[in-house]
Amino acid sequence: MNILFLTYQGGIAGSTQSIYFLANGLAERGHTILVGCPESSMLYRLLENSAARRVPMTFKGKLDGANMRQIADLTKRYRIELINAQSSRDRYTSMFAKWRYKLPVRVVHTRRQIPKSAGGYLQNVLYHKGTDAVVAVSNGVKKALAGPGMPADHIKVIYNGTPREKYSHYDTGLTQELADTYGITADTPVIGCVSRKKHQDQLLRAIGMLEKKVTAFFIGVDITPEYREIMNHYKVPHTIHFCGRVPADKVLSYYPLFRLNVLPSTIEGLSQSLLESMAMGVPVIATRAAGNPDLIRHEENGLMFGHGNIRELSEQIKQVLEDEGLRSKLIENGYRTALEEFSIENTISNYENFFKTLIEGGSV
C-alpha cells in the first residue's frame with residue numbers, strides 16, 4: 001500500500017508517539033509510507049531514522065491552498081492510495097485536496113481524543129461526505145463523534161498500542177539521578193501525573209485530603225496560581241514537584257519513581273500515559289470518562305473515579321499506597337493489558353487490514 005499520513009501538530013503528546021509507531025510499523029512491513037508534518041515538530045525529528053519517509057509540510061489553516069497542492073503533488077508522484085489525516089487543519093486540507101484535484105485516493109480521518117466541541121451538524125456532514133471512514137481510537141471517542149451528520153457505522157474503532165521494546169531502552173541512570181536529586185528512596189510514597197494540562201487540580205485537592213505525607217510529580221505542567229492556592233491549604237506538608245514539559249525520551253525514566261500514576265482527564269482518547277504506566281509496572285488511577293474505560297477494568301488492571309469526586313480519588317490513592325495485594329494485582333494485570341491486549345503489533349495489523357479493505361473498495 002502507498003499511504004500518506006498528515007498532521008499539522010506532532011508536538012510533545014501521546015498522539016505524536018502513536019502516529020510515529022504506526023507509520024514506522026507499516027513501513028517496516030513493506031508499505032510505502034509518507035508522513036507530512038512541520039519540519040520543526042517533534043514527530044519530524046522522531047522520523048529521521050524511520051522506515052517511513054518524512055515530508056516537511058506547512059499547514060497555515062483549514063483552507064491552505066499551498067498545502068492542498070503539496071498533498072496533490074505527493075499523491076500523484078507516489079501513487080498514494082490512502083490519506084490518513086490526524087488533526088484539524090489537515091482533516092480539511094486532505095478532503096479539499098481530493099475534491100479540488102480530483103484525486104483517486106481514499107481519505108480517512110483518525111480522531112485521537114474526545115472533541116472539545118460537537119462541531120455541529122454541518123461539520124459532521126462535511127466529515128462524513130469528505131471521508132471514506134473515520135477511525136476512533138476508543139469506543140469513548142466513537143460515542144462522542146457519532147450523532148447527527150456522522151452515522152456510527154462510518155466510524156471504525158482501532159485502539160492505540162504500545163511497543164514492548166520501548167520499555168527496555170529508558171535511561172536508568174537518569175532515574176537514579178532523579179531519585180538522588182529529589183531525595184526519593186524505596187520507601188517514599190510517590191504519586192505521578194504525566195499529562196498536559198487536564199484536571200490536575202483534582203489530583204492536587206485529593207492529595208490535600210491524605211493524612212500521611214506523599215511526594216507528587218506533575219510531568220507536563222508548570223505551577224499556576226490556582227495550584228499554589230490549593231497547596232496553601234494543605235494540613236500535611238506534602239512535597240509537590242511541577243516539572244513542566246519533559247522531552248519524550250526522558251519521561252519513561254520518571255515512572256520507576258512512582259508508586260502509582262493518576263490521570264485526571266475527561267477528554268482522553270486512549271492514553272499513552274496509562275499504557276506506559278502499565279508497561280512499567282506502575283498501578284493507574286484514571287477518571288471514569290472518555291476512552292479510559294476502554295483501557296481500564298476497575299479493580300482488575302486499574303482504578304477509576306468519578307469526575308469531580310475528590311474524596312473517591314483520595315481514597316483510591318490511599319488504597320493503592322497501602323494495599324500491597326491490590327497493588328500486585330493491578331501491576332500484573334496492567335502489564336498484560338499494555339503489552340498483550342494493546343500491543344503496537346495489534347494496532348498496526350488492525351490499521352493494515354482496515355486500510356487494505358478500504359483501498360480494495362470495501363467499507364467500514
Can you find a pair of side-chain heavy atoms, one from [X] and one from [Y], that are under 4.5 Å apart?
{"X": "Thr287", "Y": "Lys198", "value": "no"}
{"X": "Val320", "Y": "Val262", "value": "no"}
{"X": "Tyr170", "Y": "Pro256", "value": "yes"}
{"X": "Leu313", "Y": "Arg205", "value": "no"}
{"X": "Met42", "Y": "Gln17", "value": "yes"}
{"X": "Thr75", "Y": "Tyr101", "value": "no"}
{"X": "Leu252", "Y": "Tyr167", "value": "yes"}
{"X": "Leu210", "Y": "Val236", "value": "no"}

Go through the steps to decide whether Ser265 and Asn292 satisfy the test side chain to side chain donor-acceptor pair (under 3.5 Å), and finish with yes or no.
CA-CA 9 Å; Ser265 171; Asn292 294 336; 5.6 Å; no
Stepwise side chain to side chain contact (heavy atoms under 4.5 Å, CB included) test for Val55 and Gln70
CA-CA 10 Å; Val55 180; Gln70 287 178 307; over 6 Å; no
For side chain to side chain donor-acceptor pair (under 3.5 Å), just list the numbers for Asn301 and Arg336, CA-CA rounded to whole Å, side-chain angles, deciding distance to a tenth of an Å, and then say yes or no.
CA-CA 9 Å; Asn301 62 359; Arg336 187 179 302 114; over 6 Å; no
Could you check whether the rings of [X] and [Y] sit parallel, tilted or perpendicular, using 30° and 60° as the cut-offs?
{"X": "Phe258", "Y": "Tyr255", "answer": "perpendicular"}
{"X": "Trp99", "Y": "Phe96", "answer": "tilted"}
{"X": "Phe217", "Y": "Tyr182", "answer": "perpendicular"}

Verdict with reasoning, Thr185 to Thr188, per side chain to side chain donor-acceptor pair (under 3.5 Å):
CA-CA 5 Å; Thr185 69; Thr188 307; 3.2 Å; yes
More than 12 heavy atoms of other groups within 6.0 Å of [X] [atom1]:
{"X": "Lys76", "atom1": "NZ", "value": "yes"}
{"X": "Arg53", "atom1": "CZ", "value": "no"}
{"X": "Glu165", "atom1": "CD", "value": "yes"}
{"X": "Arg29", "atom1": "CZ", "value": "yes"}
{"X": "Arg228", "atom1": "CZ", "value": "no"}

Hydrogens and angles aside, do Asp171 and Ser253 bring a side-chain donor and acceptor to less than 3.5 Å of each other?
no
Judged by modelled atom types alone, do Ser15 and Gln113 share a side-chain donor-acceptor pair under 3.5 Å?
no
Aromatic Tyr8 / basic Arg89 pairing, under 6.0 angstrom, 45° off normal
yes
Applying a strict under-4.5 Å side-chain criterion to I, L, V, M, F, W and Y, I'd like to know whether [X] and [Y] cluster together.
{"X": "Tyr159", "Y": "Ile114", "answer": "yes"}
{"X": "Val246", "Y": "Met280", "answer": "yes"}
{"X": "Met1", "Y": "Phe21", "answer": "yes"}
{"X": "Leu260", "Y": "Leu178", "answer": "no"}
{"X": "Leu263", "Y": "Ile207", "answer": "no"}

Is it true that Tyr351 and Phe354 have ring centroids separated by less than 6.0 Å?
no
Hey, which of Asn84, Asn2, Leu47, Leu26 is the one that makes side chain to side chain contact (heavy atoms under 4.5 Å, CB included) with Ile33?
Leu26
Passing candidate, side chain to side chain contact (heavy atoms under 4.5 Å, CB included) with Ser50, options Val35, Leu43, Asn24
Asn24
Verdict with reasoning, Asp64 to Thr93, per side chain to side chain donor-acceptor pair (under 3.5 Å)
CA-CA 7 Å; Asp64 185 349; Thr93 56; over 6 Å; no
Only one of Arg91, His109, Arg106, His154 clears side-chain hydrogen bond (donor to acceptor under 3.5 Å, both in side chains) with Thr131; which?
His154
Is [X] salt-bridged to [Y], cutoff N-O under 4.0 Å?
{"X": "Arg196", "Y": "Glu268", "value": "no"}
{"X": "Lys166", "Y": "Glu276", "value": "yes"}
{"X": "Arg327", "Y": "Asp323", "value": "no"}
{"X": "Arg45", "Y": "Asp249", "value": "no"}

Derivation of the side chain to side chain contact (heavy atoms under 4.5 Å, CB included) call for Arg311 and Met209:
CA-CA 8 Å; Arg311 182 167 295 280; Met209 298 177 70; 3.2 Å; yes
Under 3.5 Å donor-acceptor, Gln272 side chain and Gly161 backbone
yes
At their closest point, which heavy atom of Ser273 faces which heavy atom of Val194, and how far apart are they?
OG-O, 3.2 Å
